[in-house]
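Whatever order the structure lists ligands and atoms in, that order sets their numbers, starting from 1.
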Amino acid sequence: MNRRDVLKELGVRPIINGAGTYTKLTSTLMRPEVVEAMASVAGRFVRIDELHDTIGHRIAALLDCEAAMVTSGAFGALTAGTAACLTGTNAAYIQRLPDTTGMKSEVIIQRSHRFPYDHAVRNCGVRLIEVDTRDDIDRAISDRTAMMLFLNKAEPDGKIAAAEFVEIGRSHRVPTFNDAAADVPPAENLFKYTRMGFDLVAFSGGKGVQGPQGAGLLLGREELIASARLNTAPHSDTIGRGLKVTKEELVGMLVAVELYLERDHQAEFRAWDTRIEAIGSRLRALQGVMVERFVPRIANAVPHLRVRWDERIISISPSDVVEQLREGDPSVELVPVPSQIGSLEIASWTLEPGDADIVAERLCDILKRGPAPRGGGRDD
Ligand SMILES: *Cc1c(COP(=O)(O)O)cnc(C)c1O
């Protein structure tokens, strides 16, 4: 029996993803075992709370933390975890959010840790109090302080590092929350921040762990995870009712975590490097082109290739290259580096077998040929 090719029927083109785990590019690909596990529950009714409890316990055991829940992405984890800090198990409070009347209503964050996803925290009706130093925190903490929020990848940008942040929270008895959404690999990070003492830690399910794109993980203290559960679906009158996780996502997330922990991470890293090297060696042969392998220190810490060219020799801008790659067949997505002339980046880990050759060939062609001929004026 021929399988339906729904994308083809719809006329939606699949892409080669050399950009990375971007939400707008559907982030990651699930392993076949994850897809099979999801399909295996699709035809069965279950009690969703029972499945949540059981899978939460399994994941907590696998990741050696007190408690865990599968959430609707790291974003959902941020909202559910914040709500938990505000309401505890108080039913009236749970129903009242995002109105925080009667509750603590402030969240402390280092100024350099502000990020677009802190909207997930602000959704709970809290005010973010920005601080720079430890003294600032000591002054800012009051009986209104509900939580302290840390953005893991911003650690080098702030004056207060993760361990000290935890210690400050502890000394004031304020729960600390670390958003480490994109910070796997290394796999140890799934354990590191709960062990360090953060009360809550969020990860994306659909990035490094290769679970369902809509899923995420909230790890942490038992009573906070229990309150987070009460603030989300299937409970109706809650801030998190829309942050629903399906039975397929629950099971898919568990299997993805199991597979991730069993993987040979070093072999996988070497395979990523091989791809990067394959592309790099082709591009290096072009006159005026420089390539450099790099691994970000935190967040998306996998081999990448930075491609730079001398625009006096090759007169095409990165955004033109990206556009030509996008419009070609197959369509390829790469990320231009806005701050640098003649520069773009290639991520290794979202490429599938065979993709590296295609990306190398297409890039070489475009860089040799230069700008596409244009009719009329440009509108960029
Ligand atoms: C990707 C990301 C999120 C959102 O994760 P989802 O799983 O897509 O909800 C939140 N915070 C950070 C730092 C991220 O990188």
- prompt: Side chains of D99 and T101: is there a donor and an acceptor less than 3.5 Å apart?
  reply: yes

Electrostatic pair R13:E327 at N-O distance under 4.0 angstrom: no

- prompt: Among the clusters formed by ILVMFWY side chains lying less than 4.5 Å apart, do V121 and Y93 turn up in the same one?
  reply: yes

message: Could you identify the single nearest non-hydrogen protein atom to atom 4 (C) of ligand 1 and state the distance to 0.1 Å?
response: Y117 CE2, 3.6 Å

message: Ignoring hydrogens, what is the shortest heavy-atom contact between M253 and L217? Give both atom names and the distance.
response: CG-CD2, 4.0 Å

message: Whether D310 and R312 form a salt bridge (side-chain N of Lys/Arg under 4.0 Å from carboxylate O of Asp/Glu) is what I want to check.
response: yes

statement: The protein heavy atom nearest to atom 2 (C) of ligand 1 is K207 NZ, 2.4 Å

task: Specify the protein heavy atom at minimum distance from atom 5 (O) of ligand 1: its residue, its atom name, and the distance to 0.1 Å.
output: S204 OG, 3.0 Å

- request: May I ask you to identify the nearest protein heavy atom to atom 11 (N) of ligand 1, giving residue, atom name and distance to one decimal place in Å?
  value: D179 OD2, 2.7 Å

- request: Identify, for atom 8 (O) of ligand 1, the protein heavy atom at the shortest distance, and state residue, atom and that distance.
  value: T23 OG1, 3.9 Å

field: Atoms in ligand 1 flagged as close to A182, the criterion being non-hydrogen separation under 4.0 Å
entry: 15 (O)

Aromatic ring pairing Y193/F198, orientation class (parallel under 30°, perpendicular over 60°, tilted between): perpendicular

message: Quick test: of every protein heavy atom, which one is nearest to atom 9 (O) of ligand 1, and how far off is it to 0.1 Å?
response: F75 N, 2.9 Å

- line: Quick note on ligand 1: atoms under 4.0 Å from a heavy atom of L151 include exactly 13 (C)

